[in-house]
Each structure stands twice: as structure tokens, then as C-alpha cells.
Number of protein chains: 2
Amino acid sequence: MNSASGAPRSGRVTIKQVAQRAGVSTASVSYVLSGRSGIAGRNGGVASETAVRIREAAEELGYAPDLAARKIRTGRTETILLSLTMLSDPWALAVIEAVQRRAMPLGITPMILADADWARVLKTHDADAMFIDAVADGQQGELEALARQGKKLVVFHEQIEPRGFEVIRSLAGPGCVLAMEHLLAKHQKIAILTTERARENRDPARFLPYLDGLRRAGLPLREEYLATFDRSPVSAYAAAMRLLDRPDRPTAIYATTDFAAMSAINAAQRLGITVGEDLDVVGVGNTLEGEAMAPSLTSVGPVGFFDELARILVERALGGSENSVTGGVVEFPWQLFIRDSAR
Amino acid sequence: MNSASGAPRSGRVTIKQVAQRAGVSTASVSYVLSGRSGIAGRNGGVASETAVRIREAAEELGYAPDLAARKIRTGRTETILLSLTMLSDPWALAVIEAVQRRAMPLGITPMILADADWARVLKTHDADAMFIDAVADGQQGELEALARQGKKLVVFHEQIEPRGFEVIRSLAGPGCVLAMEHLLAKHQKIAILTTERARENRDPARFLPYLDGLRRAGLPLREEYLATFDRSPVSAYAAAMRLLDRPDRPTAIYATTDFAAMSAINAAQRLGITVGEDLDVVGVGNTLEGEAMAPSLTSVGPVGFFDELARILVERALGGSENSVTGGVVEFPWQLFIRDSAR
DNA sequence: CTGTTAGCGCGTTCAA
DNA sequence: TTGAACGCGCTAACAG
């Protein structure tokens, strides 16, 4: 076929072949096909007619730039790497989708690494930004090493401190405080429905706000208003029953899980108690199931978390390599979503 | 810090810095750190002591090769790209896991592209092999274009013909034939539980084997033994009930879905019919749920599919670039797994 | 046997 | 608009 034209030893079409075909230098081709063609401040003054010819040649030859070669010069891969541990988790899918939406229009491709073992891969593979959703205990040093290598990391973690990398946190605590305040505005007899573990550990995010709320309001902590359950739906339902099936029952329930809150609502309905009137219920997690149930569940959850994560990731990916190597923390306080179960 | 030693303008440690620190040339470093150091036929004669010094230097500096730079010379990315459309599907997770297991020990990293729009990305991004799990109607040409670019593609599709790329098929048909034969060995009154769609289209894979089986056995097609359902579990359960809750009920059910087969078993149990004795049931899909239920479900499914897919992918990734650009078809006939629901 | 020199590959980008 | 250097690692050819 084309034995005299280019140099098609490899299947790949190079910039050189395009240049030859268009009758220009490789530099012009590069200017037109990648960087600014007719806009640039300095250079890039490529006659629009030449530009057209170049683009035609590229099209005809089916040229596509070799990103590896480009990367070596520019330092950019036009790629964002997402290291996700639990790919089956809807959470991971939400991350992917959000980043996808932000990045693709800018020509940045999100790639997923489905492996808890990011440390090994990220050492050699490059990306304009990397997201890591799980850091084991000993791995803190590896993060710092990667950061020193100039890698742009965004790490999802509740405690880790940023050392050259960005940290993003999803904080349930503030939202739980809001939930309690919401109930305290109208109620005095507020029960809690929580896990055994949260109570034992005095979980600062989900359990303590209950105690603090009562204390600040000058209300007593009543043992009989404290019900715990262990995972199973049955157990949560039973716990709610214990709470509600008594003469002096609470007028509000603060459940540390949406799922528990839903059980509580079911229990109440079973007892003929009208949720939203005789009983207010709030949950934690702001799940879709809670929002969909009747009455819709008032709950707390992170809002816009995925979008913000995507924004940060893309921002860091675009930021020049020498740029802000600050490494900060972005905290994501959960917020209250008032719905029918507790107006 | 190290202003006099290397050239650390960028955060990245290069082979040059390692060379300088070890007091050798970059060639030696390259030989030691990547290719064969003391084995090679020709060159590679690096004294083991020097090799140690080089490795130490690399270690101290935290050197990691730039894969992009390496790729440009070797043409290899040490990466396999998996374009997966339905990441939430267990099927996709199985693909990932299988490839992971095969590839990682060989130093090949699987990367996932969570985007139906592979055509755009794959044009510029490189990988030693690429897997595509979904091809839309118009996209056939794009596959060929990519193949011409020298890209190694493995495409999962039932009909597409290989043109420069590999095609892998998962064929339910043969398995369904086996399932019917299994039932025909012991039964004469065999019912089918299938979807409305499969019946209308006379699905060659899952529906026709039922008709053909009856015909070959010289059995009549009885309308009352043909029950259809539409998606919902409820619907499948009801259809099974219609089949079983009659005087002259079938002694075997061929269900075109594991999920429907499970509904049938439930229905039978509800009616006091002992599955595996009074009634044999086979499903299609060979899901884990079916295997786990009691009685365990006899079913047909692809065996070793994911492993084989992974093998092909890795093989193609390792194969030299000029190598077998054959492009063949690998068919994966489903097989019968006999369990308690139909011995 | 051990090690070095030098050029390559591809797209970018400066200086002319 | 272009020639040529450049970035990084690989590797053929060559020299102790």
C-alpha cells in the first residue's frame, strides 16, 4: 500500500507521517493537533488553511497521539487514577460516576485500580491525580513517599494527617449534632436507638451527640430510653419495640442508622403510633431507601460529597506539577435533611 | 539538600541520578533495574557487586521507572485495560478478579475503564491488551480501526466476527441442550418456565433447545406445560404455581433462568412436592445462589470462563507486538452442573 | 567478562 | 513556520 509515503513499520501512525502528508513540519502538526493552534500568546501562529490541511491529513491517516510520548514531555497523562477497594459497593460506583462526569468533558480519563494494593502500582504508574479510598495502618509512609515523588494524591480517610497529599473526610459528627438539635427543639423525651458497639466505644460521631444534646438541654439521661441492637433487622425492630411499647414512651427517636430508623418507623406503625405526629424519628446515613419510604425519613448525611471529591481531583489533576503541593484537609460535615418523619 | 548531586528539578528520580550515585553509566543501571542483568545472551554482563551497588542507590533514592518513558522504547505498558460497562454486575467483578490473579504476578497491572464509550479512550490510551465487554451496533468499524492501529483487543460478543481482534463467546445453547437431555433421560412430562421475550423470539440459546429436545424424544409439546413470566420474582413464582398446581402436573421443569428455577423450587416446596424426588428442576446460569440453596440447583453455565478469558488476555499482552495478529474466536460452550434438584 | 557511548522513539516547545 | 533540542529509559555497538 503506502510503502513510499511514510514509515509504517509499526501499526501506529505518528506525527511525522501526518507532517509529511500535509507537507509541513512536525512542529506545525503538533501545534495544530494538540496545543493552541491559532490562539497562543507566543507561538502557534498557524495559518488556518494549513491547520485545515493538517487536520485532514491526520484524519485520513487515522492519527492518534501517543499519550506515553506526550507524557514524557508534558508530564501530564490526562488520566485520573481511582484506587477503589470495594468495587461492589455503591459508594465506589458513585465516586466513579462523579469523577467521570467532571473529568471526561475536560479530556481527562478516569481509570480504576481495583486493588487494595495501590502502593506497588502507584509507584510506577503515573496519573495527573490519584484517589485512594483505603489506607491500611502501616501504609502512611508509602503515601508520603509517593507524595515526595511528586504524585498528586487525594486520600479518603477520617484520621490521617496530610503530608504532601490531600485528605478528604466525611464527618458524621456535625450532622448528628444537628439531628439532635432538631429533635430537642420540640421534644423532651428523646430515645436513642444505636448499636451495641457505638454505645460501648462512646462513638464520638454518632453516640456522643446524643449525650451532649441532652446535657446541653438540661435533660436527664434515662436508661429506658437507650436501646441497642446488633446488625440484624430483627434485632433493630425488637429494640424499637422495647422503646415504644411502654406507657411512658418517648416522643422522639434518634437512630444512629437509617436502617434502624426504618425499623423504628415500622415498629411504630405496628403499634398504631403515627410517625411525624405522635413520634418523630431521625436516622443517620441519608440513604435512598430512607428517602423513599413512607413517611420519608428525616436523616443526616454528606451532601454533594462525590461532586466535591470529583472537583478536587480534577482541580489537582489540572494544577501544574510545581503547583500547590500544600496538602490540606477537606472535611465534609454531614447535614440534616428534614423530611416527613420529623418535621 | 542535594543540590550538587543529581538534577532534582522535578520530584521524580531518574535513572541518571541513580547512575551518578552508583558511579556507573545509565546503561548499567538500566540493565540491572529492568532487563536481564547477569543472564542475557549477549550483553548484560554486570558484575553482581556493581548490581548490588546500583540497587542500593536506586533504593536510597526511591527510584521508580517512568512507565511512559519505558513504553516509548519497548512498546509495552505492562498494563491490561478492561472496558467494563456494568461495573455493578458480579460478572464484571469476576472478570476483574480473574485478570487480577493472572496478571499481577507477571507484573502486569489491570486497569478498568468504566465507560461504555471505549472507542474514544482506546484510540489514544495504550495497553498491552484490551478487553471490551460490550459493542454497540455501529461500533464494529471502530474495533477494526483500533486493531489496525496495532492494538490487541479481546472482545466479548456473541455474534461479531473477528477482524484483527480476538472474540470470545459465551454460548448458552449447548448447555441448554445438555440440560434438556438430562431431563429427557428420566422424564416425559417436562415443563418449561421461561420469559415472555424468549418465547416470542424463539431464543435459539435458551428456548429452542426445549422444543428440539421434545421433538427428538418424540414427545408432544403441551401448551399447559409452557409458562412464562416477566422479570419480577413474584411473576416467576406465580408461573411456577400455575405449572405445578394441577392434577396432571409435570415431573420436571426446565427453567431458562436460575432465578426462575429457584422460584419454581420454592413453589414446589410450598405445595409439598419434594424437589429431586417428585419433581426435577434445572436452571440456566449456574449462579452461586442456586448452588447455595437447598436443594442445590442443577444448572448450566460457563465453566472456567473467567479464567480462560484472563489467560487469553495475558497471553496476548505478553505476545510480541508483531506477533499473531490472527484474531480468532474462542467459544465457550456452557456445561451442565448436576446437583440435588435433578440428579 | 564488564562497562560505556550514543542513538533511538514520539510529541513538545524554544529559538530562529 | 521550522529545525533541533529535549525528556526518559532501552539497547545495539563498541572498548577496556
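The chains referred to below are lettered A, B, ... by the order of the sequence lines, with proteins before strands, and numbering in each begins at 1. Hydrogens, waters and symmetry mates play no part in the numbers below; they use all other heavy atoms, side chains included.
B/Lys16 has its NZ atom 14 Å from the P atom of D/dC10, to the nearest Å. One can place CD1 of A/Ile72 at 13 Å from P of C/dT13, the figure rounded to the nearest angstrom. To the nearest angstrom, C1' of C/dT2 lies 12 Å from CD of B/Glu49. In this structure, the CD1 atom of B/Ile54 is 14 Å from the P atom of D/dG9, given to the nearest Å. The CD atom of B/Gln17 sits 9 Å away from the P atom of D/dG9 (whole-angstrom rounding). Atom CG of A/Asp126 and atom P of D/dG7 are 17 Å apart (whole Å). A/Tyr31 places its OH atom 11 Å from the P atom of C/dA15, with the value rounded to the nearest Å. In this entry the distance linking CZ of B/Arg70 with P of D/dG7 reads 20 Å, nearest Å.
One finds no side-chain N or O of B/Thr74 lying less than 4.0 angstrom from the OP1 or OP2 phosphate oxygen of D/dC10. Taking 4.0 angstrom as the limit, B/Thr50 places a side-chain polar atom (N or O) nearer than this to OP1 or OP2 of C/dG3. The phosphate of D/dT2 has OP1 or OP2 within less than 4.0 Å of a side-chain N or O from A/Ser28. Residue B/Thr26 has no polar side-chain atom (N or O) positioned under 4.0 Å from OP1 or OP2 of C/dT4. Taking only side-chain nitrogens and oxygens, B/Ser25 never comes nearer than 4.0 Å to OP1 or OP2 of C/dT5.
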Taking only distance into account, with no hydrogens and no angle test, what donor-acceptor pairs under 3.5 Å do side-chain atoms of residues 96-105 of chain A form with protein atoms, sequence neighbours excluded?
from	atom 1	to	atom 2	distance (Å)
A/Glu97	OE2	A/Arg101	NH1	3.3
A/Gln100	NE2	B/Ala114	O	2.5

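Within residues 56-67 of chain A, the residues that place at least one heavy atom under 4.0 Å from DNA chain C are, in residue-number order, A/Tyr63, A/Pro65, A/Asp66.
Counting only residues at least two apart or on different chains, no ring-ring contact (aromatic ring centres under 6.0 Å, His included) pair has a member in residues 96-147 of chain A. Legend: side-chain hydrogen bond (donor to acceptor under 3.5 Å, both in side chains) pairs involving residues 134-144 of chain B, not counting sequence neighbours: none detected.
Listed by chain and residue number, A/Trp91, A/Phe305 satisfy the ring-ring contact (aromatic ring centres under 6.0 Å, His included) test with A/Phe156 (two or more places apart in sequence, or in another chain). Applying the side-chain hydrogen bond (donor to acceptor under 3.5 Å, both in side chains) rule to A/Asp133 yields the partners A/Thr85; only residues at least two apart in sequence or on another chain are considered. Residues satisfying the side-chain hydrogen bond (donor to acceptor under 3.5 Å, both in side chains) criterion with B/Asp66, sequence neighbours excluded, are A/Lys71. Under the side-chain hydrogen bond (donor to acceptor under 3.5 Å, both in side chains) criterion, A/Thr26 pairs with no residue, sequence neighbours left out.
Residue contacts shown for B/Thr14 are limited to sugar-phosphate atoms, with no base heavy atom under 4.0 Å away.
Where the helix from C/dC1-D/dG16 to C/dA16-D/dT1 starts and where it ends, the local axes point in directions that differ by 50°; five pairs per end, rounded to 10°.
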